[in-house]
There are 2 protein chains.
Amino acid sequence: MRLSTKAQYAVRAMVSLNLNAGTAPVSLRAISEWEDISLTYLEQLFVKLRRGGIVDSVRGPGGGYVLARDAAQIRVDEIIDSVEESLVPVSCMEANGECACSSDSRCVTHSVWQGLGARIRMFLASMTLADLTAEARQQIKINK
Amino acid sequence: MRLSTKAQYAVRAMVSLNLNAGTAPVSLRAISEWEDISLTYLEQLFVKLRRGGIVDSVRGPGGGYVLARDAAQIRVDEIIDSVEESLVPVSCMEANGECACSSDSRCVTHSVWQGLGARIRMFLASMTLADLTAEARQQIKINK
DNA sequence: AAAATAATTGACAGTTTTAGTCAGGTATGA
DNA sequence: TCATACCTGACTAAAACTGTCAATTATTTT
């Protein structure tokens with residue numbers, strides 16, 4: 001029941017992006033240094049985040065990435081969805097909650113996984129990037 | 001964010017065991033046939049379930065496995081713990097909630113994972129084997 | 001126009017985990 | 001003692017994870 005580092009990195013990178021968002025776009029190189037994540041790996045993640053409508057890219061010198069919309073409108077589950085990490089706990093079950101199993105007893109236990117998946121989704125959908133960023137600012141202030 | 005098949009199989013096998021529990025112990029061979037799970041794989045799982053205090057084994061001819069205590073006293077999270085599937089969503093975090101990370105921003109996102117882990121645990125701890133078995137009986141009745 | 005910057009893409013590879021199988025050994029009841 | 005059933009450890013094929021590398025395209029600055 002592990003969340004992949006891909007998902008963890010994506011969320012961290014997004015917090016970092018928002019923390020350092022000024023008037024100018026933020027380059028992946030900068031995030032790479034701040035967060036100590038491989039630049040090329042970040043590139044992979046941000047391609048997906050862009051396709052997912054989470055960020056917009058700005059090309060050329062001084063370019064980088066900016067939030068596609070307000071941080072308060074970006075939910076954590078959207079970030080994880082974008083990098084293609086399934087939040088459904090079992091493989092045979094689709095995002096809509098349907099299942100293609102034959103065995104009876106198997107589908108009984110499925111109600112458990114289905115309920116679990118719904119809780120996970122609900123929790124991650126209840127948090128926005130703005131929440132996390134505010135928490136991060138608080139944390140940094142304490143550590144000073 | 002997948003639950004391993006190990007955990008899924010363990011829960012299914014426990015439901016099957018409880019469904020078919022009479023006066024005699026239930027053999028793994030029987031569960032293997034009912035649930036279409038490899039016998040040797042089941043053996044691996046039940047060694048751990050026994051060590052986890054979920055089931056007791058009865059050796060010799062006519063032997064098999066029985067519940068170590070009443071089904072209503074066996075929580076789903078205990079079953080999953082027994083087969084050694086971590087319910088904590090990130091690797092650096094221990095079951096106690098502590099984390100050994102250095103980066104500040106990383107630990108900010110950790111509060112998210114920590115909260116998520118707690119929800120998962122809470123949900124799975126709220127369900128007992130008796131609940132699942134009752135649900136299974138209901139399901140079987142409907143399908144008839 | 002040229003150069004520099006930065007995003008974009010696709011192929012590839014090492015490592016780890018998963019999901020089992022296989023070959024035996026050990027304890028128990030009939 | 002013999003069949004049954006549990007117990008153990010080693011082993012393996014396949015998949016997923018976690019990146020790296022090389023090359024390309026687009027944009028802005030000089």
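Every chain is numbered from 1 and lettered A, B, ... according to where its sequence line falls, protein lines coming before strand lines. These numbers come from the heavy atoms of this one structure, side chains and all, not from hydrogens, waters or symmetry mates.
B:Tyr65 comes within contact range of the sugar-phosphate backbone alone, with a heavy-atom separation under 4.0 Å but no base atom that close.
The CZ-P distance, from B:Arg51 to D:dC6, rounds to 15 Å in whole Å. Distance CD (A:Glu35) to P (D:dT18): 17 Å, rounded to an integer number of Å. Taking atom CZ of B:Arg50 as the reference point, atom C1' of D:dA5 lies 13 Å away to the nearest angstrom. Going from atom NZ of A:Lys48 over to atom P of C:dA7 covers 18 Å, rounded to whole Å. What separates CG of A:Leu42 from C1' of C:dT9 is a distance of 16 Å, to the nearest Å. The distance between atom CZ of A:Arg29 and atom P of C:dA4, rounded to the nearest whole Å, is 15 Å. In this structure, CG of A:Leu17 is placed 11 Å from P of C:dA7, rounded to the nearest angstrom. For the pair A:Glu33 CD and C:dA6 C1', the interatomic distance rounds to 14 Å; values are reported in whole Å.
Contacts between residues 52-63 of chain A and DNA chain D, counted as heavy-atom distances below 4.0 Å, involve A:Arg59, A:Gly60, A:Pro61.
Counting only residues at least two apart or on different chains, the salt bridge (Lys or Arg N to Asp or Glu O under 4.0 Å) pairs with a member in residues 48-69 of chain B are B:Lys48-B:Glu84, B:Arg69-B:Glu78. Legend: ring pair (Phe, Tyr, Trp, His ring centres under 6.0 Å) pairs involving residues 43-70 of chain A, not counting sequence neighbours, sorted by first then second residue: A:Phe46-A:Tyr65. Within the structure, the side chain to side chain donor-acceptor pair (under 3.5 Å) test picks out the following pairs touching residues 18-33 of chain B (sequence neighbours left out): B:Asn18-B:Thr133.
Judged as a side chain to side chain contact (heavy atoms under 4.5 Å, CB included), and not counting sequence neighbours, the contacts of B:Ala125 are B:Arg75, B:Asp77. Every side chain to side chain contact (heavy atoms under 4.5 Å, CB included) that A:Ala7 has, sequence neighbours left out, goes to A:Leu3, A:Ser4, A:Ile80, A:Glu85. Looking at residues two or more places apart in sequence or on another chain, you find a salt bridge (Lys or Arg N to Asp or Glu O under 4.0 Å) between B:Asp81 and B:Arg121. Residues meeting the side-chain hydrogen bond (donor to acceptor under 3.5 Å, both in side chains) test with B:Glu135, sequence neighbours left out: A:Ser111. B:Ser126 is linked by a side-chain hydrogen bond (donor to acceptor under 3.5 Å, both in side chains) to nothing, counting only residues two or more places apart in sequence or in another chain. Qualifying side-chain hydrogen bond (donor to acceptor under 3.5 Å, both in side chains) partners for B:Thr128, counting only residues two or more places apart in sequence or in other chains: B:Asp131.
When side chains are defined from C-beta on, B:Tyr41 counts as touching B:Gln44, because their heavy atoms get closer than 4.5 Å. B:Met14 places none of its side-chain heavy atoms less than 4.5 Å from the side chain of B:Val11.
Comparing the helix axis at one end of the helix from C:dA1-D:dT30 to C:dA30-D:dT1 with that at the other, each defined from 5 consecutive pairs, gives an inter-axis angle of 10° (nearest 10°).
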Protein-nucleotides 12-22 of chain C N/O pairs closer than 3.5 Å?
unit_1	atom_1	unit_2	atom_2	d
C:dA19	OP1	B:Thr5	N	3.3
C:dA19	OP1	B:Thr5	OG1	3.2
C:dA19	OP2	B:Thr5	N	3.2
C:dA19	OP2	B:Thr5	OG1	3.1
C:dA19	O5'	B:Thr5	OG1	3.2
C:dG20	OP2	B:Tyr9	OH	3.2
C:dT21	OP2	B:Ser38	OG	2.2
C:dT21	O4	B:Gln44	NE2	2.8

